[in-house]
Amino acid sequence: MKQTILLVDDEKDIISFMKDALQDEGYEVVFAYEGQEALTKLKINPDLIVLDVMMPGMDGFALCEMIRKSISCPIIFLSAKQTEQDRVKGLLVGGDDYLVKPFSMKELKARIYAHLRREQRINSNSYNRLYFGEVTIDLNGYQILHNNEVIPFTSREFEIIHFLALHPGQVFTREQLYEKVWGYDAEGDSSTITEHVKKIRAKLLKYDETPYISTVWGIGYKWVK
């Protein structure tokens, strides 16, 4: 199931820029151009909100306080205001992060991913273990089991399985997987994903003939639901 991000900004060009980039990452994106419109969009129960501070009418700080009456998801502020006082105010009214304009889309995506991953760890016990047929992914124990027998995976192999399994049915490119597992600033080549997937498949095949990782030709890989 796709995670939903609500974008709130009165600048249509910025909304369009963020929407396209985040949809490319596989997120469901909803947007609003001002505060009252944003409040009506809360019924979708977004997983994360990216919120501009300087908007006509209701500013982002006031809107955040209203949002916090019904929604507890992470809120990332975007603002041209860059003083310490502004950043502190953003956090005090209920924001979780504060990014100064002009911002790097790469950094925004990294912060979104980090906040969503943290929410999954904190708020959902269902993420402690994931079950797929006879295969169990133990997130706390950092291991994968087949009928309670541990399958030996390296840490990188586990992280690839972990990430794909958290988004079953969603297709990710090699580049996206490399960034998620190795990090945005890591030195290396995304072609290593191909080799890791081959090793993962070979290890799983020894225990189970189910094709858990499917290749989507010309695009990348997905975890089969």
Main-chain N/O of [Y] paired to [X] side chain as donor or acceptor, under 3.5 Å:
| X | Y | answer |
| --- | --- | --- |
| Glu37 | Tyr33 | yes |
| His196 | Thr192 | yes |
| Arg156 | Val181 | yes |
| Glu34 | Gln36 | yes |
| Arg87 | Tyr98 | no |
| Gln176 | Asp24 | yes |

Answer with yes or no whether the hydrophobic clustering places [X] together with [Y]; edges join I, L, V, M, F, W, Y residues whose side-chain heavy atoms lie under 4.5 Å apart.
| X | Y | result |
| --- | --- | --- |
| Tyr113 | Leu6 | no |
| Val30 | Phe77 | yes |
| Tyr207 | Phe153 | yes |
| Val29 | Ile44 | no |
| Leu78 | Ile67 | no |

From [X] [atom1] over to [Y] [atom2], what is the distance, rounded to the nearest 0.5 angstrom?
| X | Y | atom1 | atom2 | answer |
| --- | --- | --- | --- | --- |
| Leu91 | Ile75 | CG | CD1 | 11.0 Å |
| Leu139 | Leu130 | CG | CG | 4.5 Å |
| Glu134 | Leu145 | CD | CG | 12.5 Å |
| Lys180 | Glu175 | NZ | CD | 12.5 Å |
| His167 | Tyr27 | NE2 | OH | 6.5 Å |
| His162 | Ile137 | NE2 | CD1 | 8.0 Å |

So, do [X] and [Y] sit near enough that their side-chain heavy atoms are less than 4.5 Å apart?
| X | Y | answer |
| --- | --- | --- |
| Ser16 | Phe31 | no |
| Met105 | Met18 | yes |
| Leu205 | Arg201 | no |
| Leu177 | Arg174 | no |
| Asp138 | Phe158 | no |
| Leu22 | Leu7 | yes |
| Val224 | Tyr212 | no |
| Met66 | Met58 | yes |

task: Starting from the C-alpha separation in whole Å, work towards a yes-or-no answer on side chain to side chain contact (heavy atoms under 4.5 Å, CB included) for Ile112 and Gln3.
output: CA-CA 11 Å; Ile112 287 173; Gln3 292 169 302; over 6 Å; no
Quick check: closest heavy atoms across [X] and [Y], and the distance to 0.1 Å?
| X | Y | value |
| --- | --- | --- |
| Met54 | Asp10 | O-OD1, 3.4 Å |
| Glu157 | Ile200 | O-CD1, 3.6 Å |
| Pro46 | Leu42 | CD-O, 3.9 Å |
| Tyr221 | Leu164 | O-CD2, 4.0 Å |
| Leu63 | Ala38 | CD2-CB, 3.9 Å |
| Leu51 | Gly60 | CD2-O, 3.4 Å |

field: His115-Asp96 side chain donor-acceptor pair, cut-off 3.5 Å
entry: no
field: Those residues that, when tested against Glu107, pass side-chain hydrogen bond (donor to acceptor under 3.5 Å, both in side chains) (two or more places apart)
entry: Arg111
task: Tell me, please, which residues at least two apart from Thr4 pass side-chain hydrogen bond (donor to acceptor under 3.5 Å, both in side chains).
output: none
Mind checking whether [X] and [Y] have parallel, tilted or perpendicular rings, split at 30° and 60°?
| X | Y | answer |
| --- | --- | --- |
| Trp182 | Tyr178 | parallel |
| Phe17 | Phe103 | tilted |
| Phe132 | Trp223 | perpendicular |

field: Asp86 and Val53: CA distance, side-chain angles, deciding distance, side chain to side chain contact (heavy atoms under 4.5 Å, CB included) verdict
entry: CA-CA 10 Å; Asp86 290 318; Val53 173; over 6 Å; no
query: Taking atom NZ of Lys41 as the centre, does the number of heavy atoms from other residues, nucleotides or ligands within less than 6.0 Å exceed 12?
result: yes
- prompt: In terms of heavy-atom contacts, does CG of Asn147 have more than 12 from other residues, nucleotides or ligands at under 6.0 Å?
  reply: yes
task: Any side chain to side chain donor-acceptor pair (under 3.5 Å) involving residues 45-66? Give me the pairs, sequence neighbours left out, ordered by first then second residue.
output: Asp52-Lys101
